[in-house]
A.B. asks: 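One structure, as C-alpha cells, below. Some questions next.
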Amino acid sequence: MAKQIQAVRGMNDCLPDQSPAWQYIEQGLRDLVAGYGYAEIRTPVVESTDLFKRSIGEVTDIVEKEMYTFDDRNGDSLTLRPEGTASCVRAGNQAGLLYNQEQRLWYIGPMFRHERPQKGRYRQFHQFGVELYGLSGADADAEVIQLTAKMWQDFGIADQVTLQLNSLGSNQARADYKDALVAFLTAHETQLDEDSKRRLHSNPLRVLDSKNPQTQALLVDAPKLSEYLDDDSQQHMTRLCELLDSLGIGYQINERLVRGLDYYNKTVFEWVTDALGAQGTVCAGGRYDGLVEQLGGKATTAVGFAMGMERLLLLLETLGKLNELPAPVDVYCMASGEECMAASMKLAQQLRSELAGVRIMQHLGGGNLKKQFKRADKSGARYALILGQQELADGVVGLKHLRNHDLPQEQVPLAEVATRLAAVMNETE
Ligand code: ATP
Ligand code: MG
C-alpha cells in the first residue's frame, strides 16, 4: 500500500464533526462586529517578509524564531503572515484608507507561527481581530474593549475571563523606562534566568513577563513603568479607566503587561482565563499610533486586538458551551422503491425553495426503509418524509417525527407538505 501523506505538524484539519462549532463561533463574531458597524477586510496570507520585520520588530519571538519565511521563484523573500495587524496597515496604506479618515475594520483568518505545537498552540491557527484607525481618544480604546466584553457575554463565558490593562506610554517614556530597567537588571544579572539574560540585551521589557519565579521575585523591586509615563499617556489611561468603570467593565491593572510585539504604545490589554492552563491569553491588543507611519503611511492613530479562535473554541468546549449546537440536517427525505426516487428528489427540491433555511438531506443509494431510517437517525434530522408507491398513488407523503417516537406518522397531501412541516417544526422548537 502506498504510504499516506500526513498533514504538516501543528496544522490541523477542521473535520466535519468540528465544523459546526467553528461555524457557530464565526457566525457569533460576524453578528458581534455587525452590531458595532465594523467592515470586514481580507488580505493575502502571504506578504513581503519586510512587512513583519518592520512592524512586529526584529528582536521579537515572532520575527526571530517563529516566521515561515521562504524565497519565491523570483528570489523575493515572502512570509506566511504570523498576525493580522501589519497586513491591515499595509492594505490600508496602499488603498489610501487610513490618513485623515476613520476606519472600523475586522478580519478573520489563518495565521502561521513555527512554535512547538501543544494544546492551544499550533503552527497554523486562526485569529479574529478588530482594528480602529484615525481615532486617538480613550473612547476608541473603550469601544474596542467594550466589543470584546460583549463577545464573552454573547458566548456565555463573561465570568471566565479577566481583563488586564496597562499603559506603555509614549516612545520616549518607554525608552527612558527601558534605560532604568536595564540598569536595574544589569545590577542583578546573575540572578536572572537564561531567557531573561538574553532579553536584557535584545528586548528588556519582555523580561517583565518572564514566567520564572526567581525573576518574578526580583522584579518586585524593579523600577515601575507607571513612574515614567508621560502626561498625555497618563491622562489617556485615566480617561480609559473612567469609561470602563462607567460601562461596568471590570479590569485589573497589570504593570508587567508589555505584549510581545514592538508596535504598541499607551494602552495594552489582554483577556486571560484560568481554564486553559499555560495558554491563558485568549485575546490581546492595544494602541499602536506609530505603526502606520512606520510602514510608510502618513501618521494615523490606531487601536485593535486579536483573538485566538482555537483558544476560544477550547475554552467554550472546556466549559461545556458547545454541547447544544444544532445538527446540520432538519429533514430527511426517503423514497421506498426506485420509482419513487425522482418524486422524492423533486419534493425535496420544492421544499428547499418554499422553506428558506430548512436543511433537507435526500436519502441516496436505495435500500429498504429500515436502512433508510437508520441513515435518517444518523443525519441528526428531526423529521423524515417518506414517499412509497402507495403514497405516490394517493398524492400524499408520510411525515414522521424522528426524535419523538410517540407521535404517529401523518399522511400529508403533497400540496400541503411545506405548510405542515413549517407548523410542526415551529411547535417543537
Ligand atoms: P502567547 O503568549 O500565547 O504566545 P502571543 O502574545 O504570541 O500569545 P499574540 O501575538 O498577541 O499572541 O496573538 C493574539 C492571540 O492569538 C493570543 O492571545 C492567542 O489567543 C492566539 N495565539 C497566538 N499564538 C498562537 C498559536 N501558536 N496557536 C494558537 N493561538 C495562538
Ligand atoms: Mg507567542
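Atoms within a ligand are numbered from 1 in the order they appear, just like the ligands themselves. Quantities reported herein were computed from a predicted structural model and do not represent experimental measurements.
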A.B. asks: Among Phe70, Phe125, Tyr122, Tyr68, which residue meets the ring-ring contact (aromatic ring centres under 6.0 Å, His included) test with His114?
C.D. replies: Tyr68
A.B. asks: Using a 4.0 Å cut-off on heavy atoms, what residues surround ligand 1? Order them by chain and number.
C.D. replies: Arg113, Glu115, Gly120, Arg121, Tyr122, Phe125, Gln127, Arg259, Thr281, Val282, Cys283, Ala284, Ala306, Gly308, Arg311
A.B. asks: Going by the rule ring pair (Phe, Tyr, Trp, His ring centres under 6.0 Å), which residues pair with Tyr99 if we only count those two or more places apart in sequence or in a different chain?
C.D. replies: none
A.B. asks: Going by side-chain hydrogen bond (donor to acceptor under 3.5 Å, both in side chains), name the residues that satisfy it together with Gln214, two or more places apart in sequence or in a different chain.
C.D. replies: none
A.B. asks: Taking Gly156's backbone N and O only, do any of them form a donor-acceptor pair with Lys321's side chain (distance below 3.5 Å, no angle check)?
C.D. replies: yes
A.B. asks: Which pairs count as side chain to side chain donor-acceptor pair (under 3.5 Å) when at least one residue sits in residues 12-30, sequence neighbours excluded?
C.D. replies: Gln27-Asp31
A.B. asks: With no hydrogens and no angle check, is any side-chain donor or acceptor of Ser379 less than 3.5 Å from a backbone partner on Ala381?
C.D. replies: yes
